[in-house]
Amino acid sequence: MTGFLIRRLGGAVLVLFALTAILYGIFYVAPGDVAQIVCGPRCSPAQVAQVTEQLRLNDPLYVQYGHFLQGIVAGRDFSTGTGVEHCSAPCLGVSYQSDQQVTQLILAKLPVTGSLVIGAFAGWLLLGVGTGVLSAWRRGRLTERVLTWLTLAGSATPVFVIELLLIIVFCSTLQWLPAPSYVPFAEDPEQWAWGLLLPWVSLALIESAKYARLTRSAMLETLAEDHVRTFRAYGVGERAIIGRHALRGAVAPVIALSALDFGTMFGGAVLTESLFGIPGIGRELVNAVKVVDLPVVVGMVLVTGFFVVLANAAADLLYALADRRVVLS
């Protein structure tokens, strides 16, 4: 286990290093004159030259990239025009628009997105896996056909359609729920839950469809294996077979998919946060893209990559716990 963790940690560091190089090339090299983008279209050549000097864009590309990595590992200093500001590690730069450190900006938005993702994650796992197990258990019956139609409809329906329908029905027509909003958990736990209920439900409904289909397929494949037929021949009950044996064998693909979705969702459920007015990472990323705030865009994409790598490493560990046939290698 120790060797496995060390290898996974080393692999994660290499992946993140490669991600930083790709992101830096895409966002800082490809756009062209970064100083002109930062300064704006009406800046004079002298003002553009001043911004170029302030951002140290006259340095060779490898030196600029080295400064970027230095900021992540050890922190760095930034010129503000009137003085020098220190950005502590992990430093992802300073916003061109607000002059706020990107790391602080992300940390301020992370609890909001975390609240959204964790609640929705629990919902789509329970609903999706439960539906898939029930569908496989009731194979060939009306229950399976109804659940299959529902999951297909859920997979085919666009995200914004489900979310808009939920807002119209529960907030406007029936008025059962208040308009979605974010209240910090520390301020009022009850309002925190009510404000996030519709976003949780919408994400759970959208994501659970694919989990139901995946679980059903994996369960049917496991139920067709020889050892399951042997259990039945010895008189083991169907519920015991489903709960103790078939579900454990079918959980591996669910773990892989949930790890990827969980990590990616931390980059911001962009449509959900925008439609429900939740001030999380996804909404902040959209605003940064609109104004070409490159440090914020790069920082948030890099944080998303970090969560994806971390979630996949955790998924590998869960593989071994869920199925002893998996070897940590």
Side-chain angles (χ1 to χ4, degrees), residues 114-159 161-163 165-166 169-170 176-177 193-194 196-225 227-229 231-232 236-266 269 272 311-312 314-326:
S115 299
L116 174 64
V117 173
I118 293 173
F121 179 75
W124 80 57
L125 273 186
L126 289 173
L127 183 60
V129 174
T131 301
V133 170
L134 182 60
S135 180
W137 186 19
R138 310 293 290 181
R139 183 183 183 186
R141 303 183 185 182
L142 178 61
T143 303
E144 184 210 9
R145 290 194 290 271
V146 172
L147 292 176
T148 301
W149 293 337
L150 289 175
T151 53
L152 286 173
S155 300
T157 306
V159 175
V161 172
I162 293 178
E163 294 177 345
L165 283 175
L166 289 174
V169 172
F170 291 101
W176 287 356
L177 295 172
W194 280 114
L196 290 173
L197 182 59
L198 273 187
W200 284 342
V201 171
S202 64
L203 281 178
L205 290 174
I206 294 162
E207 295 292 330
S208 64
K210 59 184 177 183
Y211 283 88
R213 297 174 64 188
L214 179 64
T215 304
R216 176 184 177 274
S217 300
M219 286 283 294
L220 291 177
E221 183 179 346
T222 305
L223 289 171
E225 293 181 356
H227 71 279
V228 174
R229 288 196 292 268
F231 289 138
R232 286 180 176 143
V236 178
E238 195 68 19
R239 291 186 179 182
I241 291 175
I242 293 287
R244 296 180 185 177
H245 306 287
L247 184 58
R248 172 172 286 188
V251 78
V254 174
I255 291 175
L257 181 60
S258 61
L260 181 61
D261 284 344
F262 184 79
T264 304
M265 200 70 71
F266 256 101
T272 302
N312 277 278
D316 289 337
L317 291 175
L318 291 175
Y319 272 161
L321 296 176
D323 191 345
R324 297 298 181 183
R325 295 172 297 178
V326 176

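Count residues from 1 along the sequence.
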Peer 1: At what distance, to the nearest 0.5 angstrom, does CG of Leu177 lie from CG of Leu166?
Peer 2: 9.5 Å
Peer 1: Check side chain to side chain contact (heavy atoms under 4.5 Å, CB included) between Val169 and all other residues, then give those that pass, not counting sequence neighbours.
Peer 2: Leu174
Peer 1: Could you work out, with side-chain hydrogen bond (donor to acceptor under 3.5 Å, both in side chains) as the rule, every residue matching Thr215, not counting sequence neighbours?
Peer 2: none
Peer 1: Quick one: pull up CG in Leu198 and CD1 in Ile162 and give me the separation to the nearest 0.5 Å.
Peer 2: 12.5 Å
Peer 1: So how far is it from Ile118 CD1 to Leu196 CG, rounded to the nearest 0.5 Å?
Peer 2: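 If I round to the nearest 0.5 Å, the distance is 11.0 Å.
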Peer 1: Return the set of residues passing side chain to side chain contact (heavy atoms under 4.5 Å, CB included) with Arg145 (not counting sequence neighbours), or none when no residue passes.
Peer 2: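 Listed in chain order: Leu142, Trp149.
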Peer 1: Pair up each side-chain donor or acceptor in residues 253-260 with any protein partner under 3.5 Å, not counting sequence neighbours, and list the distances.
Peer 2:
unit_1, atom_1, unit_2, atom_2, d
Ser258, OG, Val254, O, 2.9
Ser258, OG, Ile255, O, 2.9

Peer 1: Applying salt bridge (charged side-chain N to carboxylate O under 4.0 Å, His left out), name anything that partners Glu207, two or more places apart in sequence or on another chain.
Peer 2: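 In terms of salt bridge (charged side-chain N to carboxylate O under 4.0 Å, His left out), with neighbours along the sequence ignored, Glu207 is linked to Lys210.
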Peer 1: Please table the atom pairs, donor to acceptor, closer than 3.5 Å between any side-chain atom in residues 120-135 and protein atoms at least two apart or in another chain.
Peer 2:
unit_1, atom_1, unit_2, atom_2, d
Trp124, NE1, Tyr211, OH, 3.4
Thr131, OG1, Leu127, O, 2.6
Ser135, OG, Arg216, NE, 3.3

